[in-house]
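Data block below; observations after.
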Amino acid sequence: MYQAPRGTFDILPDEQSYWRYIEQKAVELCQLYGYQRIDTPAFEETRLFARSIGESTDIVEKEMYTFEDKGGKQITLRPEGTAPVCRAYLEHGMHNLPQPVKLFYWASIFRYERPQSGRYREHHQFGCEVFGDDAPALDAEVIDIAWQFFSALDVGQLSLNLNSIGCRECRPGYLVVLQDYYSRYSRDLCPDCKTRLKRNPLRLLDCKQPLCRQVAGSAPQSVDSLCPQCGEHFGRLKRYLELLELPFVVNHCLVRGLDYYTRTVFEVQPESEGAQSTLGGGGRYDYLIEELGGNPTPAIGFASGIERVVLNLKRQRVAVPALPRPRIFVAHLGDEAKVEAVRLASVLRRAGIGVLEPIAGKSLKAQLRQANTLNVAYTVIIGEQEVEAGTVILRNMATSEQKNLPVAQLPEYLQSLD
RNA sequence: GUGAGUGUAGCCUAGUGGUUAGGGCGUCAGGUUGUGGCCCUGAAGAUCGAGGGUUCGAAUCCCUCCACUCACCCCA
């Protein structure tokens with residue numbers, strides 16, 4: 001027997017209501033904030049990701065689905081959503097559009113990882129990106145969308161972590177301070193952190209090892225090393241967030257795992273404990289467009305993991321609306337009635353009324369049982385007598401009331417019901 | 001990549017060495033003429049994750065592999 005590849009899964013019909021519900025919320029929200037949808041290919045040239053995410057990140061080093069296509073090109077299934085959107089921004093000259101350009105996406109993301117609760121090899125992200133303006137108000141707007149998205153979905157108590165990790169001007173100085181500090185504790189650090197100290201000192205701060213955490217706890221904070229511009233940006237952002245009544249907490253250890261972030265970084269966590277719990281996160285990436293070959297273009301974005309949202313909706317026992325299904329079942333008895341049933345079903349469907357038809361050769365009892373299982377509101381019953389008379393029986397499944405009416409009146413009558 | 005736990009029909013599950021692997025849910029059919037839900041009866045559906053070994057005999061004990069789950073790590 002075949003089975004879905006490791007870390008992937010089918011979204012079966014019974015699960016679809018969660019997914020469509022979440023997607024609808026995302027789309028509505030983006031409309032409200034003026035973000036337009038963009039869909040990009042599932043794969044890109046490998047170097048796009050290597051350049052943007054950072055060569056020394058785990059994603060690029062060991063988690064990408066990379067292969068050579070038949071033309072000899074290095075191809076990678078997208079391991080995150082931001083870089084492809086940046087590529088599209090550049091490729092289609094979107095800097096010529098009125099700035100800022102505000103986009104959103106809903107896409108599959110691929111990473112080769114050990115699957116566990118809330119972590120898959122193919123997962124789905126909803127994300128927003130804003131290009132062309134570095135106003136702190138936009139940082140606040142993106143954080144606000146993320147927050148409203150999760151709030152609208154009622155996934156339970158949330159916390160909003162915020163930090164600023166500076167820019168080209170001030171970060172190098174901070175990294176020196178940080179390295180100085182960590183060097184004093186280097187023998188207490190875990191093996192991973194010993195390499196981080198040289199390769200990617202910022203990541204020292206979010207190590208989960210107890211000892212490293214202790215060291216991180218009293219480490220110098222990036223917000224204390226910000227240049228005047230970054231400091232002001234962060235200050236204004238915090239004022240906006242207060243204005244929007246978003247309950248953020250500044251977390252000095254929040255740095256994020258992708259190298260392109262500058263200034264603002266943030267994450268949304270549920271209060272309930274769990275290992276793979278981060279629902280969403282993002283930040284500013286003011287140099288990425290430039291690094292990919294464009295003009296200097298500030299940008300900010302966020303992404304959320306839909307699987308984790310679904311997980312939380314289930315944990316919170318949120319009742320999502322059922323997807324629409326046909327509410328009419330056409331039962332028939334006898335050969336002529338069957339022909340009439342086929343005709344009638346098509347008439348109803350063309351009038352925009354959803355109809356279910358039984359497979360042939362069942363007793364009326366079996367057909368009604370089926371109608372019951374399918375949970376339809378009404379069953380139309382057609383037998384020899386009805387064909388003769390040009391009528392149908394309409395049975396209300398909840399009340400068991402039946403009425404006869406001329407076939408020709410059925411579409412109109414059904415449309416008039418609720 | 002590391003560690004732990006778990007694999008019995010579509011789903012849940014009984015069965016820890018002894019004859020045809022039992023039950024529940026679900027599915028399908030029937031319970032006299034053209035009427036569902038409750039109830040009753042019946043049916044289909046399992047090479048007990050795969051392979052090997054121990055044994056007169058293995059779902060059950062041992063080994064290997066695979067998958068799933070959870071955690072580390074990483075992140076959404």
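This one's a predicted model, so the numbers in the text were calculated from it and none came from an experiment.
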Could you tell me how far [M] sits from [N] if I compare only their [atom1] atoms? Round to whole Å.
N: B:G15; M: B:U60; atom1: P; result: 15 Å
N: B:A58; M: B:A21; atom1: P; result: 13 Å
N: B:U41; M: B:A59; atom1: P; result: 31 Å
N: B:U35; M: B:U47; atom1: C1'; result: 43 Å
N: B:C72; M: B:C11; atom1: P; result: 28 Å

Is there a donor and acceptor pair closer than 3.5 Å between the side chain of [X] and the base of [N]?
X: A:E113; N: B:G1; value: no
X: A:T379; N: B:G36; value: no
X: A:Q367; N: B:U35; value: no
X: A:R395; N: B:G36; value: yes
X: A:Q116; N: B:C73; value: yes
X: A:R114; N: B:U2; value: yes

In terms of the angle between their ring planes, are A:F266 and A:F302 parallel, tilted or perpendicular, with boundaries placed at 30° and 60°?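 Geometry flag for A:F302 against A:F266: tilted rings.
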Parallel, tilted or perpendicular: which one describes the rings of A:Y33 and A:Y35, with boundaries at 30° and 60°? perpendicular
Pair assignment for [N], Watson-Crick or G-U wobble, requiring both distances under 3.5 Å:
N: B:A44; result: none
N: B:U33; result: none
N: B:A58; result: none
N: B:A4; result: B:U69
N: B:G10; result: B:C25

Lys NZ or Arg CZ of A:R168 over A:Y287 ring: under 6.0 Å, within 45°: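 Geometry flag: set, cation within 6.0 Å and 45°.
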Expressed as a whole number of angstroms, how long is the span from [X]:[atom1] to [N]:[atom2]?
X: A:F149; N: B:A76; atom1: CZ; atom2: C1'; value: 11 Å
X: A:E61; N: B:C73; atom1: CD; atom2: P; value: 17 Å
X: A:Q3; N: B:G7; atom1: CD; atom2: P; value: 17 Å
X: A:E401; N: B:U35; atom1: CD; atom2: C1'; value: 15 Å
X: A:D14; N: B:G26; atom1: CG; atom2: C1'; value: 12 Å
X: A:L374; N: B:U27; atom1: CG; atom2: P; value: 10 Å
X: A:L356; N: B:G36; atom1: CG; atom2: C1'; value: 15 Å
X: A:N312; N: B:A76; atom1: CG; atom2: P; value: 16 Å

Remember a base hit wins even if backbone is also touched, and classify [X] as base, sugar-phosphate or nothing at under 4.0 Å, heavy atoms.
X: A:L279; result: sugar-phosphate
X: A:Q370; result: nothing
X: A:Q209; result: sugar-phosphate
X: A:L258; result: sugar-phosphate

Name the residue from A:Q269, A:R308, A:E267 that meets the side-chain hydrogen bond (donor to acceptor under 3.5 Å, both in side chains) definition with A:S277.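 Option passing the side-chain hydrogen bond (donor to acceptor under 3.5 Å, both in side chains) with A:S277: A:Q269.
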Is the shortest side-chain N to carboxylate O distance from [X] to [Y] below 4.0 Å?
X: A:E44; Y: A:R87; result: yes
X: A:R199; Y: A:E61; result: yes
X: A:D39; Y: A:R37; result: yes

Of the listed nucleotides ([options]), which one gets closest to any side-chain atom of [X]?
X: A:Q385; options: B:A76, B:G30, B:G34; result: B:G34
X: A:S117; options: B:G34, B:A71, B:G30; result: B:A71
X: A:N372; options: B:A76, B:G37, B:U35; result: B:G37
X: A:K362; options: B:U35, B:A29, B:A76; result: B:A29
X: A:T373; options: B:U27, B:C73, B:G34; result: B:U27
X: A:T278; options: B:G34, B:G31, B:A76; result: B:A76
X: A:D192; options: B:A76, B:G36, B:C73; result: B:C73

5'-most contact on RNA chain B: A:R6 or A:A303, nearest heavy atom basis? A:R6
Residue whose nearest RNA chain B nucleotide is more 5′ - A:A398 or A:E384: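 Whichever sits nearer the 5' end wins; that is A:E384.
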Sequence neighbours excluded, which residues qualify as ring-ring contact (aromatic ring centres under 6.0 Å, His included) partners of A:Y120?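 A:Y120: ring-ring contact (aromatic ring centres under 6.0 Å, His included) contacts with A:F9.
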Please check the phosphate of B:G37 (OP1 and OP2 only) for any side-chain N or O of A:R369 closer than 4.0 Å. yes
